[in-house]
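What you see is a predicted model; the values in this text were computed from it and never measured.
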Amino acid sequence: MAYWLMKSEPDVFGINDLAQRPLQTELWDGVRNYQARNYLKSMQVGDLAFFYHSNAKPPGIAGIVTISRTAYPDPTQFDKHSPYFDERSNPTDPRWMSVDVTLVTIFEHLISLDALRAQPALADLPLLRRGNRLSVLPMAPSAWEIINRMANMPVSHA
DNA sequence: GCCAACGTTGGC
DNA sequence: GCCAACGTTGGC
């Protein structure tokens with residue numbers, strides 16, 4: 001089993017939107033970066049991912065989801081009316097992938113980006129590296145545990 | 001709204 | 001294959 005971090009803008013689709021979906025499950029669409037796409041392809045059912053709110057005030061980790069369906073062609077790439085439409089993608093050889101995610105936990109308090117940066121043990125976290133723009137990132141088990149502990153603390157660390 | 005960082009595109 | 005131009009991400 002592997003650990004991940006997946007970014008979404010809460011103004012577009014946040015963790016509370018996921019909570020309101022049937023079975024608290026939704027496809028994760030719109031990934032248009034090859035490296036992030038390759039991470040999606042390697043996900044297995046049962047993998048866990050932090051749900052990160054980007055372009056938010058404040059940005060941070062809002063909760064945990066599990067991968068409930070492995071990668072399949074992202075339908076929005078073929079939808080002319082979707083902002084994610086890609087005219088160069090071919091149905092016989094789809095360029096972009098989705099997975100399904102199912103809600104596991106909404107953290108009582110968002111773990112803010114500031115709080116993450118304040119943890120010396122997370123100094124090497126890819127998420128915190130300058131200029132990182134990948135919307136799907138792998139997480140080392142050690143980092144996963146540290147952040148999980150932060151989530152379970154009674155007081156926020158921002 | 002600004003802008004640094006970075007990926008992609010396309011001319012050559 | 002190089003690299004300038006351009007578009008996007010995402011924190012601030």
Could you list the protein-to-nucleotides 4-6 of chain C atom pairs, N/O on both sides, closer than 3.5 Å?
none

(message) Under 4.0 Å, heavy atoms only, any strand: does A:Arg129 hit a base, just the sugar-phosphate, or nothing?
(response) nothing
(message) Considering every strand and a 4.0 Å limit on heavy-atom distances, what is the contact class for A:Arg32: base, sugar-phosphate, or nothing?
(response) nothing
Checking [X] now: which residues fulfil salt bridge (Lys or Arg N to Asp or Glu O under 4.0 Å) with it, not counting sequence neighbours?
X        : value
A:Arg69  : none
A:Arg95  : A:Asp86
A:Arg133 : none

(request) Under 4.5 Å between side-chain heavy atoms, chaining through other members, with only Ile, Leu, Val, Met, Phe, Trp and Tyr counted: pull out the rest of the cluster around A:Leu27, sorted by chain and number. (result) A:Tyr72
(message) Run the ring-ring contact (aromatic ring centres under 6.0 Å, His included) test against A:Trp4 and tell me which residues pass, sequence neighbours left out.
(response) A:Tyr39
(message) Once side-chain hydrogen bond (donor to acceptor under 3.5 Å, both in side chains) is applied, do any residues pair with A:Ser68, and if so which ones, sequence neighbours excluded?
(response) A:Thr102
(request) Please list, chain by chain and in numerical order, all residues satisfying side-chain contact (heavy atoms from CB on, under 4.5 Å) with A:Val45, sequence neighbours excluded. (result) A:Thr70
(request) Would you please classify the geometry between the A:Phe13 ring and the A:Trp28 ring as parallel, tilted or perpendicular, with 30° and 60° separating the classes? (result) perpendicular
(message) So if I define the base as every atom that isn't primed, P, OP1 or OP2, how would nucleotides 7-12 of chain C read as a B/S/- string at a heavy-atom cutoff under 4.0 Å?
(response) BBBBBS
